[in-house]
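See structure below.
Below, read A as the first sequence line, B as the second, and so on, with proteins coming before strands; counting in each chain starts at 1.
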Amino acid sequence: MQSENDNKNRPEKALGIYVHVPYCIRKCRYCDFVSFEKAPEDAYFDKLAEDIELAGNAFGNGTEYYVDTLFFGGGTPSLASAAQLKKVLDAVRENFVLREPEITIEVNPETVTPQKAAELKELGFNRVSMGVQSLDDGVLSALGRVHSADRARQAFHTLRDTGFENINLDLIFGTPRDSADESAPVQRLEVWRHTLDEVLAMRPEHISFYSLQIEEGTPLYKDFAAEKIQIPSWEENREMYHSAIRQIKEHGYHHYEVSNAALPGFECRHNLKYWTMQPYLGFGISAHSFMPVYGENGRLTAGYRGEAAWSCTGEPQSLADLKGDFIFTQLRLTEGLNASFYRQLFGEEFSADFGKALEELAAKGYIIDTERGVRLTEKGLDNINPVMQTLLEELQWKRNT
Amino acid sequence: MNDYQRFIRNFSIIAHIDHGKSTLADRLIESTGTVAHRDMKEQFLDNMDLERERGITIKLQTTRLVYKAKDGNEYILNLIDTPGHVDFNYEVSRSLAACEGAVLVVDATQGVEAQTLANVYLALDEDLEILPVLNKIDLASAHPEEVRKEIEDVIGLDASEAPCISAKEGINIEAVLEDIVANVPAPEGDYDAPLKALIFDSYYDNYKGVVIYTRIFDGSVKAGDTILLMNTGKKYEVTEVGVNAPYQTPVKELSAGSVGYICASIKQVRDARVGDTITLAESPTKEPLKGYKKVQPMVYCGIYPTPDEKYENVKDCLEKLQVNDAAFVFEPETSQALGYGFRCGFLGLLHMEIIVERLEREFDLEIITTSPSVIYKIVEHDGTERFIENPSNLPDPTQYDHLEEPMVKATLVVPKEYVGSIMELCQSRRGVMEHMEYITPERVELYYMLPLNEVIYDFFDALKSKTRGYGSLNYDFDHYERSNLVKLDILLNREMVDAFSMIVHESEAYSRGKFVCEKLKEVIPMHQFEVPIQAAIGQKIIARETIRAYRKDVLAKCYGGDISRKKKLLEKQKEGKKRMRQFGSVEVPQEAFTAVLKYDDGKK
């Protein structure tokens, strides 16, 4: 952060780039991301390349930024052709300085063939994030996934065989289940443990495990509200969560964020930017950017967040907004938030800004002090909504008085 | 007769909704060259966006056409358009009073409908010459000869000469014009008599004030005259007189027999009411024209600002609309659930929908409307009577002797195969059949006495649905009748929401209570806790539904795009919830207030 003398020839600020690819074979029943059920269109990728070139003027070659993470998310980015992906990758390479970049692409198992995997490798992707969600066909069908459990197993081996050495698998728990057995309308703990056991045996470098969210406007929401489907109770859901954390840790993984774990050294560098106030640019429909602005003393004075922050039209963030973002994101990390980083960014003490709320949360056993600041307890992780709410309300209350 | 009047024809076009009235008007304007083809918008006379979208005429328009007839003479044809909906019957009758003839458009694929008959009766009341026209003959399903016979049998008009036309395709339009010249009588006013003119429409113009549309029966009027409006007793100095050709064109004077507009710096449309008689203050005519009636609202509802909308904004916009709409009334009221707002009165449900839509679209207001209600009469123990427009104001039953509700005389025309289901519908809505008549072997006319309360909710939708769109309806207020009515309250999470209260007949309280609970369950999103929805009469719960609890862990996932959104969600900011309203701890979307009124096909 101490960037007193920016040297134009030696960029020293790391930047992340996110590219959204909004196409899917079929939309999953729980999904509320922006995605269309059609073949990827060339015009969309042409526009991405144009936008990247424009952003390059402000943050690319010849500026103080270099790119160290690049992430293709979706949708299903692996539906795009090699030529479409190359168009975007070339635009990034031509307009930005890349330094030891982590280049991730999200893939759906259904799209992974030996040929596809080889293409992705050839294009320069060095990390693959695959949406497996479950290795139980009853769960997969209830979620509306296009692939089977077998297809997912096979896809993983294909990726390994192609030489990918940094693979993430996405998993979902707390789901309904399609089953001939009427007595098991939901994903039971055993089913979930079984999926996880199998995944852990495959030894991916990274695992994301999400509690299913039933989002308004999705087919799943409708069915749930109409009582056509059931999900595990909240208590069962939490049991699945904690059981997963135990299992993952036993296998040597580092549980580093609410829903993420990795073998040491394989934490997702791109996603960590979201949780540590680092700059990133988003391209494509619904993508978001965040560009912090620092004063002369290295302190955060403002920031831009929004759909087109790279063109500097994002929503300006006040200092209070940024403080909110800080706790909102850093507390997601299991190591908790870093009080000296807070002091460095804002010139104020974290404990002074949130004092009363911190006491209240500590008394409830939701947070605990660490050497560097404060972190969520296991109980706090289960109650992350009210914890964040309490802290944000403290901030709002301070702002209003 | 003054000689100039020989070449004037004043006429209206009347029709059932969708039979092609506005399209014919467009063709007449176009074929007389009144509007250059390039300026022709679809349905020229329907100049509100809303009217064009819904394909109905709300605000009537008038246009002066100049037509060179086959006899070699040039005629002035004053076309007075009429509103096409049952809510605006009185306005239709005044427009007709301004004419000597009416072109009756009948859809050759559909035949005579309820509003065809209603309009014909109105035209006959005004002694008009009625010229039937068979429209849509370009369609394969047209059966003009049967419809011609139907007009003769049902209405008793000679339709042997009725032209077969297609307004849409412009077929045979000239025949209509010739028919008008030949068969609509010329006006017979006395130019030298004192001024006697009828207001058949008025609207508010930002620059000119109220613009009155008028038909001059006797005498003449010009700028500088002082006019007297005989029923309201108000006097104004005329600033401009003119004709619509079709754009407003000032003229020196308007004289007996002609149709045009008058401006006189009038501030509110209600000061120049439709049906009133204009005369000169200095030399007034002895008797005003017959038929003046102050229109009364029939349906009321509450209009409230959403939490993001300012009360003053809503008030300003309601005032602006009122300036232009004499039938629309409002006054302030408060609701426990919704805070400060307004109780608004309308001619009918369509009128209400139109005003609400205009508030939202033209004025960009964020409002919540409550269940519509009719005006109930409370008869006190001592026999005195009073009226209430808001169901939440209904006192405890011990406080009064009995309640009365407004009844309407309804005419329904339906194809014979649907008679059974329509009789069932009317019966379920507490209708009493007065008589029924086969107007043709295929179609039946039913006369019912129905409570207005039953008509305003979803009757029309039910009728359309049960007759596959072929049934038609017309109704008029008749009288008040004693009735066994109860107040139905709705409780969300055990708290009463007064904005949902409605007055219903005791016999329907259970089914309506159940229906409302079910609807609310559909539209209110899940909360972290179970939300019981209950319907109650007094202390007694008569129906119940429960919205499932869903404990949502919004923070399971949080990446770049989610940060602001999820943060805001937790900060309880309003993004994405603009149209939600908080009742206790329950969030209710705006659509809930209208959803409870919609007709449900599954319902008996």
Side chain, backbone, both or neither: which part of [X] has an atom under 4.5 Å from a heavy atom of chain B?
X: F33(A); result: side chain
X: Y18(A); result: neither
X: N237(A); result: neither
X: L212(A); result: backbone
X: T329(A); result: side chain

| request: Could you tell me which portion of K566(B) (side chain, backbone, both or neither) has an atom closer than 4.5 angstrom to a non-hydrogen atom of chain A? | output: both
Could you check whether [Y] and [X] have their ring centres less than 6.0 Å apart?
X: H288(A); Y: Y274(A); result: no
X: Y311(B); Y: F342(B); result: yes
X: H206(A); Y: Y256(A); result: yes

| request: Mind checking salt bridge (charged side-chain N to carboxylate O under 4.0 Å, His left out) for E236(A) and listing every partner two or more places apart, or none if nothing turns up? | output: R188(A)
| field | Choice from N260(A), N271(A), I231(A) maximising heavy atom contacts with chain B below 4.5 Å | value | N271(A)
| Of all of D321(A), D382(A), N383(A), which one pairs up most often with chain B through heavy atoms under 4.5 Å apart? | D321(A)
| field | For H505(B), ring pair (Phe, Tyr, Trp, His ring centres under 6.0 Å) partners two or more places apart | value | none
| Of all residues at least two apart in sequence or in a different chain, which pass the ring pair (Phe, Tyr, Trp, His ring centres under 6.0 Å) check with F500(B)? | F593(B)
| Carboxylate-amine/guanidinium contact R238(A) E235(A), below 4.0 Å | no
| Is a donor on one side and an acceptor on the other found under 3.5 Å between the side chain of S129(A) and the backbone of I105(A)? | no
| task | Examine distances only and state if a side-chain atom of E545(B) and a backbone atom of C517(B) form a donor-acceptor pair shorter than 3.5 Å. | result | no
| Mind checking which of residues 218-226 of chain A sit less than 4.5 Å from chain B, heavy atom to heavy atom? | Y221(A), F224(A), A225(A)
| message | Walk me through whether H270(A) and Y559(B) qualify under ring pair (Phe, Tyr, Trp, His ring centres under 6.0 Å). | response | CA-CA 10 Å; H270(A) 182 81; Y559(B) 297 99; 9.0 Å; no
